[in-house]
Amino acid sequence: MNDQTNAIHFGYEKDTQGTMAVPIYMSTAYEFRDSLHASNLFSLQELGNIYTRLMNPTTSIFEKRFAEIEGGISAIATASGMSAIFSTIVNLCESGDNILVANAVYGGTSTLTSHTIKRLGIETRNFDVTDATSLEELIDGKTKAILFESLSNPSLAVADFEGIVAFANKHNILTIVDNTVATPYLCKPIRLGCDVVVHSTSKYTGGQGLALGGIIVEGESCEGKIKNNLRYNHFNEPDESYHGLVYADLPFPSFTMRLLLCVLRDLGAAPSPFNSWLLIQGLETLALRIKEHSKNAMKIAEFLESHSKVKKVNYPLLKSDKNYGRASKYLTGGASGLLSFEVEDYTTALKIADSTDIFKVVVNIGDSKSLIVHPASTTHSQMSKEELLKAGISDSLVRLSVGIEDADDLIADLAKAIG
Ligand SMILES: *Cc1c(COP(=O)(O)O)cnc(C)c1O
């Protein structure tokens, strides 16, 4: 089936009531048929529901559907995008290891990788996401993953997929792609040769700013990179914490199984079934919305580019944008709803953000409502001057998350605010 059919139907077999809408299974735990059934589930002789920290029928439908649309083989939903990223790192790294992280990433990912995991002994080495040649001098035997965003928030850099994938395959190392901004409708990293895709489903997937969520999708290529690879010894050796289980020997996707049986079990970043249900509703219309977000953003980018008080517009599908070449290659259906622009100075940027009516000052993206923010004083205020520069964020940058209101109304709103 094609994506849009899968987004409506995949992974849901109607229950005995014939319920058309996916039910919300609001339950912490599940009754076993008997003690043998219970012990079979714990020893993986059978797969089934045990406890909602590990699995839930509503969440499972969301996971199956999302994996299918991303072109993956399995997925694990988490409580938020940040917990998806943290859990993925924990699934691969221990103290003494390092990961290669793109210079242009979401603010939370930047602080997580540069500071929080550093305290756990995991080192981050930054590379230029638009030029994979910068990777070669960073890798060593302790490197466990390459983490980057397909289309970065908020600097809108488009990744050098071909270069990064070639490098990762040469060194037999896993790539983790945060595909939050592009969504699987504009970009499918697994089809481009990447191994793991993560999302903040709080953004475009939900689409109306209703629920936090994250997801981790395993691509088919993970298996081959993990099995018998010294880099991923902990998948190939018995796990003491799970009576000697060897994840790479299981007849199930090993990256997902370790994530579930070990990381989710111990970290507990499980989503609420209610949030999974909201995200299932969002997924049904994601394809339709992302087209409108992209169309509106393109119109606004062109308007801003022609405005005398705007110094620079960052939108990857503008011919003037430095990402245009990669954007036209990797972002086939549009460039999403995120754009940023630079004005005269800090004060002007703040004044614009405070002068719009339709665009609300909100630190979120992917909502059907249009949002505006000044990153240097908000989302990225915890970063140092050098870190900001590295991430391509200047003092006078304004970020827009263009919604799906009428484009002419949005342009009039910005025209008035810019003056
Ligand atoms: C928002 C966001 C995150 C974090 O997701 P939460 O759901 O807010 O925890 C991670 N990556 C990107 C690209 C984001 O935009």
Side-chain angles (χ1 to χ4, degrees), residues 59 62 66 70 75-90 99 101-117 124 129 145 147-159 175-184 186-187 189 194 196-217 264 267-272 275-276 278-279 282-283 286 290 293 297 314 316 331 335-340 362-367 371-373 375 378-383 391-393 399-403:
T59 300
F62 178 58
F66 209 108
E70 269 294 2
I76 297 288
T78 57
S80 68
M82 286 321 301
S83 57
I85 297 169
F86 182 58
S87 304
T88 303
I89 295 171
V90 171
I99 52 173
V101 180
N103 50 355
V105 287
Y106 173 69
T109 307
S110 172
T111 45
L112 169 70
T113 54
S114 317
H115 301 286
T116 305
I117 62 169
T124 287
V129 74
L147 169 65
F148 63 100
E149 295 175 6
S150 44
L151 176 56
S152 73
N153 175 11
S155 56
L156 298 163
V158 179
T175 46
I176 304 163
V177 187
D178 183 334
N179 200 28
T180 300
V181 179
T183 82
L186 304 179
C187 179
C194 298
V196 178
V197 171
V198 294
H199 277 265
S200 165
T201 51
S202 326
K203 313 292 174 56
Y204 286 106
T205 304
Q208 298 175 335
L210 300 175
L212 281 182
I215 200 155
I216 305 156
V217 183
L264 230 60
L267 299 189
S272 155
N275 279 11
S276 298
L278 285 170
L279 295 168
L283 203 52
L286 174 58
I290 200 69
H293 282 291
N314 301 308
L331 303 173
S336 192
L338 212 56
L339 68 85
S340 62
V362 172
V363 288
N364 192 13
I365 62 162
D367 199 320
L371 315 173
I372 188 166
V373 79
T378 55
T379 49
H380 289 65
S381 57
Q382 282 108 334
M383 288 166 71
I393 293 152
R399 183 187 79 185
L400 301 180
S401 172
V402 177

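All ligand and atom numbering here is 1-based and tracks the order in the structure.
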**Request:** Tell me, with the steps shown, if Y106 and T379 meet side-chain contact (heavy atoms from CB on, under 4.5 Å).
**Result:** CA-CA 9 Å; Y106 173 69; T379 49; 5.9 Å; no
Just do the side-chain contact (heavy atoms from CB on, under 4.5 Å) check on T113 and I89 with the steps written out, would you? CA-CA 9 Å; T113 54; I89 295 171; 4.1 Å; yes
- Query: What's the verdict on side-chain contact (heavy atoms from CB on, under 4.5 Å) for F86 and T78, showing C-alpha distance, side-chain angles and the deciding distance?
  - Reply: CA-CA 10 Å; F86 182 58; T78 57; over 6 Å; no
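Every side-chain contact (heavy atoms from CB on, under 4.5 Å) that A145 has, sequence neighbours left out, goes to L92, I99, I176. Every residue two or more places apart in sequence or in another chain that forms a side-chain contact (heavy atoms from CB on, under 4.5 Å) with L212 is listed here: S202. Residues that satisfy the ring-ring contact (aromatic ring centres under 6.0 Å, His included) test with F66, not counting sequence neighbours, are F62, H199.
Within 4.0 Å of ligand 1, protein heavy atoms come from S80, G81, M82, I85, Y106, E149, N153, D178, T180, S200, S202, K203, G213, I365.
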